2 protein chains.
Amino acid sequence: MAVRLEKNPAVSKQALRRMPAYLLYLEALNPTTVVSISATTIANELGLNEVQVRKDLAAASLSGGRPRTGFKVKELIRDIKSYLGYDDVYNAVIIGTGKLGQALLSYQGFAEYGLDIVAAFDTNPELIGQQFNRKPVYPPEKMPEICRSLKIQIGIITVPAEYAQDACDHLTESGIQAIWNFAPVLLTAPPEIIVQNENMAISLAILSQHLSVKLKKQH
Amino acid sequence: MAVRLEKNPAVSKQALRRMPAYLLYLEALNPTTVVSISATTIANELGLNEVQVRKDLAAASLSGGRPRTGFKVKELIRDIKSYLGYDDVYNAVIIGTGKLGQALLSYQGFAEYGLDIVAAFDTNPELIGQQFNRKPVYPPEKMPEICRSLKIQIGIITVPAEYAQDACDHLTESGIQAIWNFAPVLLTAPPEIIVQNENMAISLAILSQHLSVKLKKQH
DNA sequence: TAGATTGTTAATCGATTAACAATC
DNA sequence: TAGATTGTTAATCGATTAACAATC
């Protein structure tokens with residue numbers, strides 16, 4: 001996982017957010033019937049501005065598109081993946097094997113994003129020693145040892161809100177570099193630790209805003 | 001759930017994304033010891049620009065802040081919640097009671113966001129008739145009837161990617177207004193249906209970008 | 001009062017969109 | 001060639017930040 005910041009100076013955060021959508025769209029195409037695709041088509045299908053899509057694709061694509069024919073789908077998929085850093089693999093552990101933790105452990109799709117979840121931790125003695133998707137559950141005491149020996153870079157927090165800060169502290173002491181936090185809590189971590197929050201409240205607020213506007217119109 | 005678009009003309013999308021973080025921060029404060037708080041303090045704690053926080057709070061707060069003392073924490077929490085539309089309640093159903101679906105069904109916190117998940121649907125005969133967090137699982141055939149009689153506005157899709165479009169079509173035919181999609185798929189829905197994607201690939205791409213920059217620095 | 005903090009107006013910055021030349 | 005599409009340069013738009021007056 002390594003985003004090509006060097007090449008194109010204009011790697012906007014916004015563009016980064018749109019890339020996964022391009023990828024989903026391109027991967028849903030039938031590769032035998034659709035060999036090439038234009039930025040225009042993608043823009044229309046996704047409801048985006050044509051020039052915006054063209055700039056985004058130009059930033060990600062190594063060989064660029066061709067006038068008249070557009071971009072080669074296969075190449076473009078490969079380039080966007082590389083642009084998003086899905087080629088390099090990071091090792092991760094999950095803290096908290098409740099239902100959400102189990103769901104993430106069992107999800108096969110992370111491999112494609114360069115995320116390799118190798119183990120989990122939980123305090124529940126009934127879960128310790130079990131495996132989910134062939135990934136073992138360890139007691140929290142083993143965190144420092146396992147994170148260091150398996151060279152874990154990312155800790156994924158899926159414990160209930162009240163234990164999230166503890167989990168964060170434990171992970172920090174275990175030498176990880178980044179935290180992906182699914183608990184609805186603002187974590188306090190040393191500045192060198194990267195914290196990315198998966199905040200469902202944001203999605204929900206945006207959805208609810210659109211919905212309220214829509215329902216008002218119906219009256 | 002109804003965002004106050006009318007009052008303040010400058011309801012930026014970006015501000016909407018920051019609001020949930022303010023809320024988490026404010027709710028973590030001890031209400032007996034911290035009665036008032038300044039935008040300056042919040043900005044420092046969250047690593048944001050002071051003026052930005054002040055503008056955001058001005059947009060959400062009804063009574064505004066006071067020079068010297070700042071905002072009353074309790075009032076501010078209430079105002080931001082109302083601003084985000086957490087006061088109005090929307091009814092939702094979950095399609096797909098795998099681990100992710102079960103996790104969402106069991107999560108108690110959605111009530112605070114104005115989301116009331118009242119039922120679930122699954123094709124698995126072993127799950128049909130069961131309850132999770134007192135919410136019953138029905139077979140998909142019952143979707144139109146139940147969604148209409150319970151006045152469901154939101155459908156939450158937590159089925160595997162390959163069934164997500166089917167689930168979307170079913171929900172649309174059942175008269176729902178909005179879809180919250182957790183499957184890594186671009187859904188095709190009629191334009192009047194609001195689709196909000198919970199795309200973990202975006203979070204992961206952002207995290208991986210930061211991480212790659214960080215790891216490069218260490219060399 | 002003095003000064004911390006608010007809220008607003010103006011300046012800057014970044015992202016989007018429009019216009020257009022280059023190219024296969 | 002003609003024309004669809006790319007990629008770039010310039011204009012616009014929106015969001016952030018800076019400067020400052022108002023206020024408790």
Side-chain angles (χ1 to χ4, degrees), chain A residues 3-5 7-19 21-22 25-26 29 34-73 75-76 79-80 83 202 205-206 209, chain B residues 3-5 7-19 21-22 25-26 29 34-73 75-76 79-80 83 202 205-206 209:
Chain A
V3 175
R4 285 202 308 277
L5 281 170
K7 196 208 166 195
N8 213 295
V11 181
S12 86
K13 275 189 188 176
Q14 309 303 317
L16 206 63
R17 308 191 132 266
R18 287 187 293 268
M19 293 291 174
Y22 300 144
Y25 174 75
L26 294 169
L29 297 171
V34 188
V35 176
S36 291
I37 195 153
S38 74
T40 317
T41 307
I42 298 177
N44 290 337
E45 290 287 330
L46 302 189
L48 296 171
N49 179 285
E50 213 180 308
V51 183
Q52 188 173 64
V53 175
R54 208 168 286 134
K55 280 204 171 167
D56 289 349
L57 298 190
S61 170
L62 288 176
S63 49
R66 284 187 151 211
R68 293 269 302 160
T69 52
F71 294 78
K72 284 187 182 163
V73 177
E75 270 186 23
L76 194 52
D79 288 350
I80 293 177
Y83 181 84
I202 293 174
I206 294 168
Q209 186 194 4
Chain B
V3 175
R4 287 200 308 277
L5 281 170
K7 194 208 167 195
N8 213 295
V11 181
S12 86
K13 276 189 190 178
Q14 308 304 317
L16 206 62
R17 309 190 132 267
R18 287 187 293 267
M19 292 294 173
Y22 300 143
Y25 173 74
L26 293 169
L29 296 172
V34 188
V35 175
S36 291
I37 194 154
S38 74
T40 316
T41 308
I42 298 177
N44 289 338
E45 290 288 329
L46 302 189
L48 296 171
N49 179 287
E50 212 181 306
V51 183
Q52 186 173 65
V53 174
R54 208 167 286 134
K55 280 202 171 169
D56 289 348
L57 298 190
S61 170
L62 288 175
S63 49
R66 283 187 152 212
R68 295 270 302 159
T69 52
F71 294 78
K72 285 189 182 162
V73 177
E75 271 185 23
L76 193 52
D79 288 349
I80 294 177
Y83 182 83
I202 293 174
I206 294 167
Q209 186 195 5

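Per chain, numbering begins at 1; letters A, B, ... match sequence-line order. This structure is a prediction, so every number in the text was calculated from the model and none was measured.
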Please confirm whether any donor atom in the side chain of K55(B) sits under 3.5 Å from an acceptor in the base of dT6(C), or the reverse.
-> no

For R54(A) and T40(A) the tightest heavy-atom approach is NH2-OG1, 3.6 Å

So do Y25(B) and I37(B) actually touch side chain to side chain, heavy atoms under 4.5 Å?
-> yes

Given dT6(D), is OP1 or OP2 found less than 4.0 Å from the side-chain N or O atoms of R54(A)?
-> yes

Rounded interatomic separation in angstrom, taking CD from Q52(B) and P from dT12(C) = 19 Å

Mind calculating the distance between CG (L76(B)) and C1' (dT6(C)) to the nearest angstrom?
-> 13 Å

Between L57(A) and I42(A), what is the shortest heavy-atom contact and its length?
-> CD1-CD1, 4.0 Å

Where does DNA chain D pair, written as one dot-bracket string 5' to 3', with Watson-Crick or G-U pairs under 3.5 Å, ( ) inside the strand, [ ] for crossing pairs and | for another strand?
-> ..||||||||||||||||||||||

Is atom CZ of R18(A) surrounded by more than 12 heavy atoms (other residues, nucleotides or ligands) closer than 6.0 Å?
-> yes

Rounded to the Å, how far apart are I42(A) CD1 and dT6(D) C1'?
-> 13 Å

Can you name the nearest heavy-atom pair linking G64(B) to S61(B), along with the distance?
-> N-OG, 2.8 Å

For M19(A) and dA15(C), give me the distance from atom CE to atom P, rounded to whole Å.
-> 13 Å

Compare side-chain N and O positions of T40(A) against OP1 and OP2 of dT6(D) and report whether any pair is under 4.0 Å apart.
-> yes

Side-chain heavy-atom pair K13(B), I206(A) within 4.5 angstrom cut-off = no

Let me know, please, whether I37(B) or Q14(A) comes out on the 5' side of the other along DNA chain C by nearest nucleotide.
-> I37(B)

Of all heavy-atom pairs between E50(B) and A43(B), which one has the smallest distance, and what is that distance?
-> CA-CB, 3.7 Å

Residue closer to the 5' end of DNA chain C, G70(B) versus N49(A) (nearest nucleotide) | G70(B)

Using atom names, set out every protein N or O paired with an N or O of nucleotides 22-24 of chain D below 3.5 Å, distance rounded to 0.1 Å.
none

What's the CG-P distance between D56(B) and dT16(D), to the nearest Å?
-> 8 Å

Scan R17(A) against the nucleic acid and name what it touches under 4.0 Å (heavy atoms): base, sugar-phosphate only, or nothing.
-> nothing

Spacing of L62(A) atom CG relative to dG7(D) atom P, expressed in whole Å | 12 Å

To the nearest angstrom, the CZ-C1' distance between F71(A) and dG7(D) comes to 9 Å

Given dG7(C), dT17(D), dT16(C), the nucleotide with the shortest approach to the side chain of S12(A) | dT16(C)

Could you pull out the closest heavy-atom pair between L62(A) and D79(A), with the gap in Å?
-> N-OD2, 2.9 Å

Would you say the side chain of L76(B) lies within less than 4.5 Å of the side chain of Y22(B), judging by non-hydrogen atoms?
-> no

How about D56(A) and Y83(A): do any of their side-chain heavy atoms sit closer than 4.5 Å?
-> no

For L16(A) and dA15(C), what is the distance between atoms CG and P respectively, to the nearest whole Å?
-> 11 Å

